[in-house]
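First up is the structure itself, then whatever we jot down about it.
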Amino acid sequence: MWSETQHRDASGSGAILGIDIGGTKLAAGVVSRAGEVRSYLRQPTPHNVDAEGLLAVVVALAERALGDAGVSVDAAGVGCGGPLLYPEGIVSPLHIPAWRGYPLRERLAAALALPAVLDNDAKAFALGEARFGAGRGSRCLLGMIVSTGVGGGIVLDGRLLHGTSGNAGHIGHVTVAADGPLCPCGAHGCVTAYASGTGLAARAHATLAAGESSALAALPEDAITGRAIVAAAAAGDALARRLLDDAAHALAVGIAAAAHLLDLDRVVIGGGLAQAGDLLLEPLRRALPSHTRLAFLRGLEVRPAALGLEAGVIGAASLVME
Ligand SMILES: [Zn+2]
């Protein structure tokens, strides 16, 4: 276990420990206040451990990242999958059943002997991209993670928007088709129902069950994932292409709703499905203008995320800079 003194003696650089906790991977790194990554480590999220066992894995990863960086650290910023209570940092991540109502912020702060800020991972992503990535120079930014789910965060004049309960930015559950498919949240026609990995897979299953032919039909049922649909679309499969077009259109309609409400000037899109690149972004950019007709939205830009794999850790560290 590191002591508080060890963290603060090194060079007085005031760097920040960033920790990114998701259902499939954990990452930790030390980030300078200029956004430079001094160390970075990641590993799969273990699922055969209890709440305290998982905490121990996160702490060990963070301590290795601190050791690798060899600079002093003032605080820890933590991005975690929701739902969670902000600013308390009590988490019940959808994809981490070991933690239910778990006081993660307090436990990490004690174990690492550092003050800690914990927030939703998509909000952290938006803040990191706004400060150091594809959102630089933007006045009002929506950052979106398009992955297993669809998450988001809003950064207005350099400040992260929290909302009443800390949940501002939930673009994934903006309704884009009132009579659309059922979303895991219980509502119909959310952006998530079309554009998330889970939503894409569910729509592919339904279409294949109705008898449509596609290269996807040759895959075992549980291999039809968002990633597999992107790969099939890249190989020219017509059904996969149409599903991605629908996803792009749902994203465009959701973005248009947010853009009108908030007077956005930029949207930054990251996450696993954003790896589809132009297969997703090109139809999105084509659809957006027909839903954003007012003159004040003429400058609205959609850009891919710029911080790559380290975006989560940089975003988590950025929470401390707020
Ligand atoms: Zn929903």
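All ligand and atom numbering here is 1-based and tracks the order in the structure. Every heavy atom of this structure was used, including side-chain atoms; hydrogens, water molecules and symmetry mates were not. Predicted, not measured: the structure shown is a model, and the values here were computed from it.
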Of all heavy-atom pairs between L55 and Y102, which one has the smallest distance, and what is that distance?
CD2-OH, 3.5 Å

Identified salt bridge (charged side-chain N to carboxylate O under 4.0 Å, His left out) counterpart of R139 within the set D157, D265, D263
D157

Near the Zn ion (ligand 1), which protein N/O/S atoms are found at less than 2.8 Å?
H173 ND1, C183 SG, C185 SG, C190 SG

For V37, is there any backbone N or O sitting under 3.5 Å from a side-chain donor or acceptor partner on E310?
no

Using a side-chain heavy atom cutoff under 4.5 Å and only I, L, V, M, F, W and Y, what cluster partners does L297 have?
L294, F296

With ring centroids as reference points, do H95 and H47 lie under 6.0 angstrom apart?
no

Which atom of L160 lies closest to which atom of E322, heavy atoms considered
N-OE1, 3.0 Å

